[in-house]
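A short worksheet on the structure shown next.
Please read these numbers as outputs of a predicted model, since none were measured by experiment.
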Amino acid sequence: MEAHENTMDITDTQCNKDLITSKIINNKPKKDPPSKVSFINLFKYSNATEKIMISLGVIGSIGQGLTMPLIIYIMGNLINLFIGLVVSGKIREAAGVDQDDKTPIEELYIKIAMNLISAIISGLDTSSFQVPSGMTEKEMMDLMITLYKSTEDYWKEFYKYMLYLGLIALFSFVTSFIMDTFFTISATRQVSRIRSYAFKSMISQEISWHEKTSPGELVSRIINDSILIENGISIKLGTVIQSIVTFIVCFISAFISGWKLSLAMSIIIPINLFLVLCMTIISKKYTKKVQDAYAKLGSIAQEAFSQIRTIVSFGTEQKEIDRYNESLIPTKKYGIIKGHTTGIILGLVYGIMYGSFSIAFIYGTRLIQDNEMRYGDVLIVFMGIMIGTIMLSSISADLNVFSEATTAATVLFDIIEKKPQINLDDGLISDTPVNGCIEFKDVHFSYQSRPDIEILKGISFKCLPGQTVAFVGASGSGKTTLIQLLERFYDKNSGRILIDGKDIEDYNVEWLRSQIGLVSQEPTLFDTSIAKNIAINSPNATQEQIEEAAKLANAHDFILKLSNGYETSPGERGLQLSGGQKQRICIARALINNPKILLLDEATSALDNKSEKVVQDALDSAVSGRTTLIIAHRLSTIKNADLIIVIENGTIIESGTHEELMKLEQYYYNLVKKQEIKVNKEEEEEDDDDEDDEDEEEKKEKNENNGKEEKKGEKKTNINIIPENKIIKTSILFQSENSVLNRIGSSFISLNKSTSVFSKINSNEKFSKRYNLKNIPWKRFFNYNRPYWLSNFLGFIGAFFNGGIKPAFAFIFSSALNTFTKQGDALIDGGLFWGLMFIILGITNFFSFYFNIGGFIIAGEYLSYDLRKKMYNNIIRQEVGFFDTNDIGDGSEEVDEKGSNHIVRSTGTLTAKLSTEASFVHGLNIGLGQIFQQIVTIVCGFGIAFFNGWKLTLILLITVPFLFLGSALKIKVFETKNKDNRIIFENSSKVVTEAVANIKTVYALNLSKYFINLYNEKLNEPLKRLERKTYISSIGTGYSNAIPFIAYILGFWVGSIFIENGEMEFDKVFKVLMAIVLTAMAVGESSSVVGEIQKSVEAFIHVIEIIDRVPKINASETKGIKKESENFKSDVEFSGIRFRYPLRPKVTVINMGNKKIKIPSGKMCAFVGASGSGKSTMIGLLPRWYDAAHGSVKVDDIENKDYNVKWLREQIGIVNQEPCLFNISIKENIKYGKQDATDEEVYEAAKKANIHDFIMSLPDKYNTLVGGIGTSQMSGGQKQRIAIARAIIRNPKILLLDEATSALDAESELIVQKALENISENHTTIIIAHRLSTIKDADYICVFKDGHIIEMGNHQELMEKKGEYYNMVLAGDGK
């Protein structure tokens, strides 16, 4: 019976294409804009505890808001008390009695003549003592009784008010502590939960959603958007509630005292509200644009950092810098618009506020003259409206924060609430495993991004339980898509996919995936131990089970040879292992769960022939009893399949067993013939007899060599034994050899040294150093600000005048109070004069505020823009070794005794650093402006105070150090608090990047919950420390708010003594106290900016560290040799190389001894050997990704170190095993090899790479976006051919091919191989290949083993030796 009769049901694949296309287009989801988030909804993710905290914070804010109205009330009474003290002194003086005399006022009245009393009263210079014309004797007597106080009564009443002030100080401390503590802690917890929910949603979305985003963009979203949300629901909210309460209470008090004047002064409120509304609308619009732009920048940066070797290889650092800078420009533009808007509108708000005070004097004096109000009432109205309006204005400044928070939440909450199209929770969960019967019935599929292109066109087949079905065909024909549909990465457009007779949509997705083991073409490992990687989706697996799975995958032996064995970490994306080593670990991972269905997508493509043979035998054993679907381009691996299905352009064109298809002599037959390599039967027979003997002799010889070397260090001359001089006492077993662009990153290992491959570090160590203002390199800071000196100059001018506004107001206000004691025209004229003074003050304040806020925001935008450019520019130009560790320093990072750098970071960490640091620096100019402004306020305030009463001022100066203690405490706390925040940002960003970049692997292994838990762990680990520091910081806030009241008590007490003793007049005391009060308010405000300044200072210093790091291999240097093209022959020589990776400087990776590899110009040299034997490491030395400590790499007899780095790399073209493409158009990816290439050159290169026809079939043709890492919709073969076209267009003198055709089907491989051979003519070529058929015509072949070169020669010579190469050829031929 033929195979297709019982396993195959191939139906007519021709169907109504228009109908399918129509369905696809109709089913394409329309993306609705995210619904806007209201301010209340910012708290939707708070729990009951946090809601209680928020309620307590609101109560604290309300309490704090009541303190100012209480102060106004007490100050009003104290002023009346002071006036009574002054009047009482004058009466006693006129009556001729001592100050301590206790004579009743009635008797004093008799003693003093009426005219003398009138003279005394009219001569008083006080704010609330009036002598209206026409006052009767009884009225005068009543007035004196009201105002007169005996000394004893005065002090008794005075102490009562001082007690009130003390209680208000205590009340202020408690309420502000509660407000700061609970708002800050609740916000921190909520934002952590929001980040967690956002990540949970991200990692639950369908693959098509991830294809539209990138890891860098999502990292940027989670960090930047959540920071804005936290600003909106934290202490700023408490400040606004406090201001609202103060505003309401002050206005109520004012309207009770005089509704007409209050109403007149309130006319500014609708004007200011309109201005604030305008600012909110503009701010929201541009905040969204800025956040979107930063998300895009994060995507670009993450992509560049993770593919740095591609950038370095093609010398496109400047291209990437330009791409980043181009996307950065809009952020500056939008920031400047926001700066102008904020400056103008807040300037208008404050200008109108101060200008409105003129109403109290112009209109208030008329009301006094008309006897509609008394002086005291006018004062209460003025003070109430003044404080209320100031509070309202401060609200308008903070509303911008809420606008930004809601805008950021709109995007982030939309991600959180997005329901995935493929529901992970619903569906059938069976108590028993699946049997493994798989059936496709007329399945059609198109990707959402390309709905007009049908990938699968009516695929139908059936695979019975336990059978193995293999899919072969050209890359891009739809093979991998079949596997992705089985994993439910996507849902089909039409047809049915059945497992055990049920539609796969009926099963629970996670349960279904747990029944499937997947090994994909591009192996993905995670940054945890190898043991954890193998058992990552089987957490209950024992060590014995882990090792058994590794043995099945032929990985156990090489794992044991690693320094930490199964506890060794492969690093980010497995960069510290070779491609073959990664693949074997992935196979072990797939086998450990004993899945009923096994999906192998080019599972052995990265293995050398010998490893492939061993692993293939293991897989053949493993597939027994399992339903297995295999995709393979190496047809030798699928000969034993029960059914082989040949797919072309999404349809099945042939099916049957290997023998049946070979008899047809059609498509499959031709594929097989193209891959064959001939070996004589006699050689095979001899190999069977001699192989074991040779292995034994080789082992014996090695053992003898090692023993003698330990004793004497003697040199060996046997061709298979490499001389070793002064090498550490180990056998070099493996080095980290990945594909040239993605593998070279770290070292491997010795048997005897326990060198850690991945340092276990304390995540806090990097951040142990703290910085403050004294650590800023001020010269650098000023130099960076020099280009935008005008904005900064205007900012400081504005800050100077802004700082003087409050002292000027205190002086004008206290001086203007005398006006109310006048009568007639003097009263009206005085009111008009001081009213004009307030109008001038308002106009001045508009310009000062606009210059201050606008100038510093604009300067901050320029500075942030400039520093982002410089940071990115310097990071992208670092040597490759920098990205192995991601350590920021001077390039001389410390190494521990085991040869390990202390800091190991992921590219996600770099992206987070780039995102956060420059953002925080933005606030440095503003913060310094605020400090300067408050210094001016303090100087002017105390200047006015000294001028009016130096004795009182000197006494009050005692309180100044105490005023700053709260701010000092907050600065101290923020130093460590910012460190913890950085730990959260960077460690959690690493998790997001790793998970999202490998999203298909995460889904296939059901690792969503694992990464969610890991992310939450990184988020929550510093939270307890942050909360403890918040309590301490809140003590500083409470202290800062309470201590001014103590200063008031001291000022009033000393002022009373001076007035009583006649040393100062009341108006002088009042001016001193007003100046000190407003100065104390400025000091209190300083505590609120301390945290922001501290963050900005630390960020600036971290930015400087990044900018200052000097790359060890600098491609931007102009020095070095450059040759004319005709003078460059491209001879290559490797001589005596001994190499250690910078990450493992104690471990020797390659040791050539005294051997040399000479490759004359125009010749081809092939490097072959087991995966992890040193081939890619050797290639990486040529373009100077690393420099060898010993030996030399020469080009035209000149060391490569002597050439200009950029020029040398321009002569080299590279194609690596794992194609690294960027999320830009196909055309731009190909032009990456030659940036000035014409379209014709691009098309020609694509044709040579056999990719042109595929590109032209796409809707956008060469303008089609390739897609991001892990989410590209192109097959491995398609991406590989684009990468090959990128190398072809370069037309390099030296060509480096690292498994360049490993991802290609046989037909494409033949075409591309021919094209590469044509290119390599007259070009020096170094090729790494596991398919030995691709290198049999090489001029030289070097066989690598364990970092040594054990054989050299051409194919014929090495076959005649019947050594290592001979055995590899036999293994590859399947004999």
Could you tell me whether a side-chain N or O of [X] sits under 3.5 Å from a main-chain N or O of [Y], the two making a donor and an acceptor?
X: Asn533; Y: Leu525; answer: no
X: Glu547; Y: Glu544; answer: no
X: Ser1135; Y: Lys1156; answer: no
X: Arg1138; Y: Ile1150; answer: no
X: Tyr1003; Y: Ile203; answer: yes
X: Thr628; Y: Thr468; answer: no
X: Arg626; Y: Pro595; answer: yes
X: Glu1351; Y: Tyr1365; answer: yes

Which atom of [X] lies closest to which atom of [Y], heavy atoms considered:
X: Leu600; Y: Leu598; result: CD2-CG, 3.8 Å
X: Ala531; Y: Ile546; result: O-CD1, 3.8 Å
X: Ala549; Y: Ile592; result: CB-CB, 3.9 Å
X: Ile530; Y: Gly565; result: CD1-O, 4.3 Å
X: Leu1358; Y: Gly1353; result: CD1-O, 3.8 Å
X: Thr627; Y: Gly466; result: OG1-N, 3.1 Å

Is the shortest heavy-atom distance from the side chain of [X] to the side chain of [Y] under 4.5 Å?
X: Ile1157; Y: Phe1167; result: yes
X: Met1352; Y: Val1343; result: no
X: Leu1182; Y: Ile1326; result: yes
X: Arg309; Y: Val880; result: yes
X: Cys1342; Y: Val1168; result: no
X: Met1152; Y: His1348; result: no
X: Ile1179; Y: Lys1175; result: no
X: Ile1137; Y: Leu1181; result: yes

Enclosure of Gln543 CD (heavy-atom neighbours >12, cutoff 6.0 Å):
yes
Between atom [atom1] of [X] and atom [atom2] of [Y], what is the distance when rounded to the nearest 0.5 Å?
X: Tyr1186; Y: Lys1112; atom1: OH; atom2: NZ; result: 11.0 Å
X: Ile597; Y: Leu518; atom1: CD1; atom2: CG; result: 12.0 Å
X: Thr480; Y: Glu487; atom1: OG1; atom2: CD; result: 12.0 Å
X: Ser538; Y: Leu591; atom1: OG; atom2: CG; result: 12.0 Å
X: His1190; Y: Phe1139; atom1: NE2; atom2: CZ; result: 12.0 Å
X: Ile585; Y: Ile536; atom1: CD1; atom2: CD1; result: 12.0 Å

With no hydrogens and no angle check, do the side chains of Asn1006 and Ser514 hold a donor and an acceptor under 3.5 Å apart?
no
Are Phe1344 and Ile1350 close enough, and set up right, to give a side chain to side chain contact (heavy atoms under 4.5 Å, CB included), and what steps lead you there?
CA-CA 6 Å; Phe1344 282 72; Ile1350 60 174; over 6 Å; no
Working for side chain to side chain contact (heavy atoms under 4.5 Å, CB included), residues Val1002 and Ser1008:
CA-CA 6 Å; Val1002 170; Ser1008 295; 4.1 Å; yes
Quick one: sort the His556 and Tyr566 rings into parallel, tilted or perpendicular, breaks at 30° and 60°.
tilted
Given the rule in the side chain to side chain contact (heavy atoms under 4.5 Å, CB included) test, do Leu1007 and Phe526 qualify, once you have shown the distances and angles that lead to the verdict?
CA-CA 11 Å; Leu1007 296 181; Phe526 299 101; 3.5 Å; yes
For the pair Ile516 and Arg513, evaluate side chain to side chain contact (heavy atoms under 4.5 Å, CB included) and give the outcome as yes or no after the intermediate values.
CA-CA 5 Å; Ile516 300 173; Arg513 289 170 179 166; 5.6 Å; no
